[in-house]
Structures are given as C-alpha cells and as structure tokens.
Amino acid sequence: MLPLTDTPIANLPEDEIHPSIANGGGVYFAGYSYAPSIIERNVYIVLSSDGITWVPFVHIEGDDISDYPAFDHWAGGRFCGTFVGTEALQYLLDAHDVTDPEVPIDLIYWDWSDDGWSDFREFDIACHNSQNEWEYGVMSTVATTDYGDWDVVDGPHMFFRSPDEEGTGYISWEVIPGCAHSAASIDKMKDFSYIVYDNYDGVSWDILVWKRDFSDPLEGESEIMEIESDYWAQYPTVAAENDVVIVIAESDEHLNKDLVCYYSNDGGTNFETSYVTDTPEDETSPDLLMVGGNKASVIFVKNGDLYISTTEDGGA
C-alpha cells in the first residue's frame, strides 16, 4: 500500500472539512464543509475536468448549518447530492447538467419533523438512472422517530422518490434501535440498492445490510440481513455490482482498529469474511468504490495519511 499524492481543491485560511467527491461524464464533482467557526458550516462545491484544476460551482449558505455533504453521479452531466442541516430535513441537491451553465440547479427538501422525526445523522446517497428522470436513487441515514406504532431510537432509514408520481418522496425505516452510521450503494446491473448500518445489539456492533428493489421500491423485494460478529464492527461502507456486494468496516477483533471485509457473490444471500488490513497500527474511516467487474478500491486513514487498497476478486 503506497501513500496517495495530494491535490488541494481548497486552500482558504479557515477550515475545510468533511469532503465528498463523485465522478462521471468526464467531470469531477467535489465538495466540502466550509467551517469558519464551530457554529458556522456551509457546503461548497467545485468542479474539475482533470482532477487537478478546480473551479467554483455553487455554495449553500443560509441561517442553518449545512454540513457533511455526499454526492453521486446520476448520468451524463447530472450529479445529485445531500447534506445534513439543523432540523429533520432531507435535502436533495440536483445539478441537472454541470456542463451547461444555463441549466438551473435545484435544491429541494422534505421536512419530516412534523411527523415525529429527529436527530438525522450524516446522509449518504447513491444515484441510478434506470427509472424515471425524477428518481435520483436512494439516500440513507440513521434517525429517531415516534411515528405511530413504529417508533425507534437511532433506527435505519432509507429515502427514495415515488416510482409513479413526480414530486413525491418516501421515508422508509425499520424498528431496529441502536444504529450509528450508514452508507449506500446501487447495483446498477441488477437494479438493487444496498444500504449498510452498524448496529449495537447490547453486546457487540454488528452490520445490517438492507437490500431493496430499486426498480420498484414500494412493491418489490426488500429485506434486512444481519452480519453478526463477536467483536465491534463499525463505520461501514458498501459497494455492489452484478450481485457482488462488498462491505468494509472497522474491526476491533485484533484489539486495535483493522479493516474487515464482508463479501458476497450472490446478492447478499451469503457473506464471507476477509481482512483488508491486520497490522499493529490503526486503520480507520474506510470508503469503498467498485471499479468494474470484481474489482474494487477502498481508501482509509492510517497514521494521519490516506491509503488505498484494491481487490480483483470481489473482496476475497
């Protein structure tokens, strides 16, 4: 594993934190939280055609905090994103065509607080263009609700647009308390979304994998699979392609922080386990991406630096 080189996309005297990046259509779509103080957060987005030279695109400012941006490529010049605000709001940033400066950028939101939701955690987003134009993909978060008979504290949540009616958004959740973090991916060849969560069962932190039919999220297949362990598995990331599903998380099985890999070649029906890292030093904060076939890459932090590790056999 070799250290990555660095190319700054922002170099302001104030703090820039919580970066996110997406790539597609010959464009890099990157953003971060501009943080001039501990009570100020604004999302700034920049573009690049070569990954080296960056130009400002848009920034989100207002009275509320906007933080922890997440982006993904939909198709062509379209990118979608989300971020965390100060209320129980689900934001959708829709840049319909970043290659055309005349095309407007939409920022819409759904306010779920009136229905009893609160404490939305960092969102993740996965995009796919296989359905209607208004269906951006899926979002994930961990949240709390006292809605009806299905109240839950720190439960797994999923968001998507209506497959039948433009302008309508859905929130879906399971009554499984004790989650902390989430990550989202869509298997674009099979039209299934996979969202992962770390979940504390009172003894250890396990991984939940929520698989859902993206072609018909309301009536199609939906199930949550649990990857149990006798150690703490946290901060998961996920990628999926053609029924190959890879989940990587921090593990304390070997006393310090290593990266454990759960991999499946049958759409998540069965998972096996391998280790990305197993060293005396801590490896943390994984982020995973499929790069074609059974190939995937994960970046992570070690000794304050970024590293990358790759697999060519679906995680095995």
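All values below come from the heavy atoms of this structure, side chains included, with hydrogens, waters and symmetry mates left out. The structure presented is a predicted model; accordingly, all values stated were derived computationally and were not measured.
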Undergrad: Check whether the side chains of Ser182 and Ser140 place a donor and an acceptor atom closer than 3.5 Å, and report yes or no.
TA: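 Judged by distance alone, the side chains do pair up.
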
Undergrad: Which pairs pass salt bridge (charged side-chain N to carboxylate O under 4.0 Å, His left out) with one or both residues in residues 14-38, sequence neighbours excluded?
TA: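 Every candidate salt bridge (charged side-chain N to carboxylate O under 4.0 Å, His left out) pair involving residues 14-38 fails, so no pair, neighbours aside, qualifies.
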
Undergrad: Name all residues meeting the salt bridge (Lys or Arg N to Asp or Glu O under 4.0 Å) criterion together with Glu281; count only those two or more places apart in sequence or in a different chain, and write none if there are none.
TA: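 Salt bridge (Lys or Arg N to Asp or Glu O under 4.0 Å) list for Glu281, sorted by chain: Lys302.
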
Undergrad: side-chain contact (heavy atoms from CB on, under 4.5 Å) with Tyr200: which residues, sequence neighbours excluded?
TA: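 By the side-chain contact (heavy atoms from CB on, under 4.5 Å) rule, Tyr200 matches Trp205, Trp232.
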
Undergrad: Hydrogens and angles aside, do Thr311 and Asp313 bring a side-chain donor and acceptor to less than 3.5 Å of each other?
TA: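 Yes, Asp313 and Thr311 have a side-chain donor paired with an acceptor closer than 3.5 Å.
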
Undergrad: Show the nearest heavy-atom pair for residues Glu133 and Trp74, with the distance to one decimal.
TA: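 For Glu133 and Trp74, the tightest heavy-atom pair comes out as O-CZ2, 3.9 Å.
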
Undergrad: Is there a donor in the side chain of Ser130 and an acceptor in the side chain of Asp191, or the other way round, less than 3.5 Å apart?
TA: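 Indeed, the side chains of Ser130 and Asp191 share at least one donor-acceptor pair under 3.5 Å.
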
Undergrad: With sequence neighbours excluded, give me every ring-ring contact (aromatic ring centres under 6.0 Å, His included) pair touching residues 238-273.
TA: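 ring-ring contact (aromatic ring centres under 6.0 Å, His included) check on residues 238-273 returns His254-Tyr275.
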
Undergrad: In this structure, would Trp110 and Ile125 fall into the same cluster of hydrophobic residues linked by side-chain contacts under 4.5 Å?
TA: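 Result: yes, single cluster for both.
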
Undergrad: Hey, is the main chain of Arg212 close enough, under 3.5 Å, to the side chain of Ser193 for a donor-acceptor pair?
TA: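 Present.
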
Undergrad: Tell me, do Leu92 and Met139 make a side-chain contact under 4.5 Å, heavy atoms counted?
TA: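 When only atoms from C-beta onward are counted, Met139 and Leu92 do touch, with a gap below 4.5 Å.
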
Undergrad: For Arg161, check salt bridge (Lys or Arg N to Asp or Glu O under 4.0 Å) against everything at least two apart and list the hits.
TA: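 With sequence neighbours excluded, Arg161 shows a salt bridge (Lys or Arg N to Asp or Glu O under 4.0 Å) to no residue whatsoever.
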
Undergrad: Rounded to the nearest 0.5 Å, what separation is found between the OH atom of Tyr32 and the OH atom of Tyr34?
TA: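 Going from OH on Tyr32 over to OH on Tyr34, the span is 8.5 Å.
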
Undergrad: Do Ile45 and Leu93 come close enough that some side-chain heavy atom pair is under 4.5 Å?
TA: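 A side-chain contact exists here, since the closest heavy-atom pair is under 4.5 Å.
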
Undergrad: Between the side chains of Glu283 and Thr279, does any donor sit under 3.5 Å from an acceptor?
TA: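 Their side chains do contain a donor-acceptor pair, which is all the 3.5 Å distance test asks for.
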
Undergrad: Side chains of Glu61 and Tyr44: any donor to acceptor distance under 3.5 Å?
TA: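 Present: a donor and an acceptor within the cut-off.
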
Undergrad: Counting only heavy atoms from other residues, nucleotides and ligands, does the tally under 6.0 Å from CD of Glu312 exceed 12?
TA: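 Atom CD in Glu312 is not packed in, count stays at 12 or less.
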
Undergrad: Can you tell if the side chain of Val260 reaches within under 4.5 Å of the side chain of Ile248, non-hydrogen atoms only?
TA: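 No; the side chains remain at least 4.5 Å from each other.
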
Undergrad: Report the residues that fulfil side chain to side chain donor-acceptor pair (under 3.5 Å) with Ser113, sequence neighbours left out, ordered by chain and then residue number.
TA: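 With neighbours one apart ignored, the set is Asp111.
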
Undergrad: Ignoring hydrogens and geometry beyond distance, is a side-chain donor-acceptor pair present between Trp210 and Ser222 at under 3.5 Å?
TA: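 A pair is found: one side chain offers a donor N or O, the other an acceptor, under 3.5 Å apart.
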
Undergrad: Is any side-chain heavy atom of Ser251 closer than 4.5 Å to a side-chain heavy atom of Tyr231?
TA: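 The answer is yes; the side chains approach within 4.5 Å.
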
Undergrad: Could you tabulate the donor-acceptor pairs under 3.5 Å formed by side-chain atoms of residues 23-31, not counting sequence neighbours?
TA:
| from | atom 1 | to | atom 2 | distance (Å) |
| --- | --- | --- | --- | --- |
| Asn23 | ND2 | Val27 | O | 3.0 |

Undergrad: Could you give the distance from OG1 (Thr310) to CG (Leu289), rounded to the nearest 0.5 Å?
TA: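 Separation between the atoms: 12.0 Å.
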
Undergrad: Residues two or more places apart in sequence or in another chain: which of them pass salt bridge (Lys or Arg N to Asp or Glu O under 4.0 Å) with Asp206?
TA: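 Testing Asp206 for salt bridge (Lys or Arg N to Asp or Glu O under 4.0 Å), a comparison that skips the adjacent residues, returns none.
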
Undergrad: What is the distance from atom CZ of Phe300 to atom CG of Asp305, rounded to the nearest 0.5 Å?
TA: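 Separation between the atoms: 10.5 Å.
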
Undergrad: Measuring from Leu208:CG to Glu228:CD, what's the distance to the nearest 0.5 Å?
TA: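 Those atoms lie 10.0 Å apart.
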
Undergrad: Ion pair present between Asp154 and Arg121, side-chain N to carboxylate O less than 4.0 angstrom?
TA: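 Looking at Asp154 and Arg121, the cut-off is met.
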
Undergrad: Give a yes-or-no answer on whether the side chains of Asn42 and His59 include a donor-acceptor pair shorter than 3.5 Å.
TA: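 There is no such pair between these side chains.
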
Undergrad: Verify whether the ring centers belonging to Tyr68 and Phe83 lie closer than 6.0 Å.
TA: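 Distance test on ring centres: not under 6.0 Å, no.
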
Undergrad: Applying side-chain contact (heavy atoms from CB on, under 4.5 Å), name anything that partners Asp94, two or more places apart in sequence or on another chain.
TA: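 In terms of side-chain contact (heavy atoms from CB on, under 4.5 Å), with neighbours along the sequence ignored, Asp94 is linked to Arg78, Cys80, His96, Asp106.
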
Undergrad: Calculate, to the nearest 0.5 Å, the distance between atoms CG and CG belonging to Asp72 and Asp124 respectively.
TA: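 Answer rounded to 0.5 Å: 8.0 Å.
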
Undergrad: If you measure only the distance, is there a donor-acceptor pair under 3.5 Å linking the side chains of Asp164 and Ser162?
TA: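 There is no such pair between these side chains.
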
Undergrad: Do Tyr197 and Pro236 have side chains that approach each other closer than 4.5 Å (heavy atoms only, starting at C-beta)?
TA: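 SC-SC contact between Tyr197 and Pro236 ruled out.
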
Undergrad: Counting heavy atoms not belonging to Lys188, are there more than 12 under 6.0 Å from its NZ?
TA: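 Counting other residues, nucleotides and ligands, NZ of Lys188 exceeds 12 neighbours.
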
Undergrad: Would you tell me whether Thr284 and Asp282 have side-chain atoms, one donor and one acceptor, within less than 3.5 Å of each other?
TA: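 Judged by distance alone, the side chains do not pair up.
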
Undergrad: List the atom of Val244, the atom of Gly314, and the distance in Å for their closest heavy-atom pair.
TA: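 Heavy atoms only, the tightest pair is CG1-CA, 4.1 Å.
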
Undergrad: Can you check whether Cys261 reaches Ile246 side chain to side chain, under 4.5 Å on heavy atoms?
TA: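 Touching, per the 4.5 Å side-chain cut-off.
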
Undergrad: Please, which pairs that meet ring-ring contact (aromatic ring centres under 6.0 Å, His included) have at least one residue in residues 123-148, sequence neighbours excluded?
TA: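 Passing the test, one end in residues 123-148: Trp117-Tyr147, Phe120-Phe123, Phe123-Phe159, His128-Phe214, Tyr147-Trp173.
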
Undergrad: Can you sort out the partners of Lys257 under salt bridge (Lys or Arg N to Asp or Glu O under 4.0 Å), two or more places apart, ordered by chain and number?
TA: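 Once residues adjacent in sequence are excluded, the partners of Lys257 under the salt bridge (Lys or Arg N to Asp or Glu O under 4.0 Å) criterion are Glu250.
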
Undergrad: Is there a side-chain contact between Thr144 and Ser118 in this structure, where contact means two heavy atoms from C-beta onward sitting under 4.5 Å apart?
TA: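 Thr144 vs Ser118: side chains touch.
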
Undergrad: Are the side chains of Ile171 and Gln90 in contact, using a 4.5 Å heavy-atom criterion?
TA: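 Heavy-atom side-chain distance check fails, nothing below 4.5 Å.
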
Undergrad: Could you note down all residue pairs passing salt bridge (charged side-chain N to carboxylate O under 4.0 Å, His left out) where residues 17-42 supplies at least one of them, sequence neighbours left out?
TA: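 Found Arg41-Asp67.
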
